[in-house]
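Quick notes on the structure that follows.
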Amino acid sequence: MSVHAKLAVVRVAEADCAIKRADIGASWRGFKQEAGLAATPGRVIVAGLVAGFLAGLPRLGAGTGSLLGGKLVEMLMDGAFANLGAAIAAGAAMANAESPPAATAAAAGDRQD
């Protein structure tokens, strides 16, 4: 096979690779878009509840433990609930900080009487 024939084969292979790379990029962008549309808050919560339920199921024929890793899942769930509680408390504190000062002054004036 001559050098020119080998170069032609390489060019064809490079073109084919470029086409496949473009197809993969388009497929990946489509996948990311569909995943973003599918991951609604309700679905994420339901998936978390199902995972928590499965983590709490006992193993068949074993003593203590769970199907999905026991202590590790328990640690992750505890951290998630702690973060959720902190976020709710922070939201309540921000709502109280943004309350109108007139209502606060009136309440303070009532206490001084």
Side-chain angles (χ1 to χ4, degrees):
M1 193 181 236
S2 71
V3 173
H4 294 292
K6 288 181 181 180
L7 285 174
V9 169
V10 168
R11 285 187 193 117
V12 169
E14 286 176 344
D16 185 46
C17 184
I19 291 170
K20 289 187 184 212
R21 189 177 324 128
D23 287 344
I24 290 171
S27 296
W28 182 249
R29 284 187 297 277
F31 173 74
K32 286 184 3 183
Q33 181 182 6
E34 288 297 320
L37 293 173
T40 61
R43 288 180 180 168
V44 171
I45 290 172
V46 168
L49 290 173
V50 169
F53 175 76
L54 290 176
L57 290 177
R59 281 191 216 157
L60 298 176
T64 60
S66 71
L67 287 174
L68 298 178
K71 297 292 182 184
L72 177 64
V73 174
E74 181 180 349
M75 180 183 69
L76 293 174
M77 294 298 280
D78 286 344
F81 286 128
N83 288 338
L84 180 64
I88 291 171
M94 291 297 290
N96 288 338
E98 294 172 355
S99 65
T104 309
D110 289 342
R111 282 183 268 172
Q112 291 178 355
D113 287 340

Apply side chain to side chain contact (heavy atoms under 4.5 Å, CB included) to I24 and list each qualifying residue two or more places apart in sequence or on a separate chain. none

Using the side chain to side chain contact (heavy atoms under 4.5 Å, CB included) criterion, which residues pair with A90? Sequence neighbours excluded. none

Under the side chain to side chain contact (heavy atoms under 4.5 Å, CB included) test, which residues partner L49, sequence neighbours left out? I45

Which heavy atom of T40 sits nearest to which heavy atom of L37, and what is that distance? CG2-O, 3.6 Å

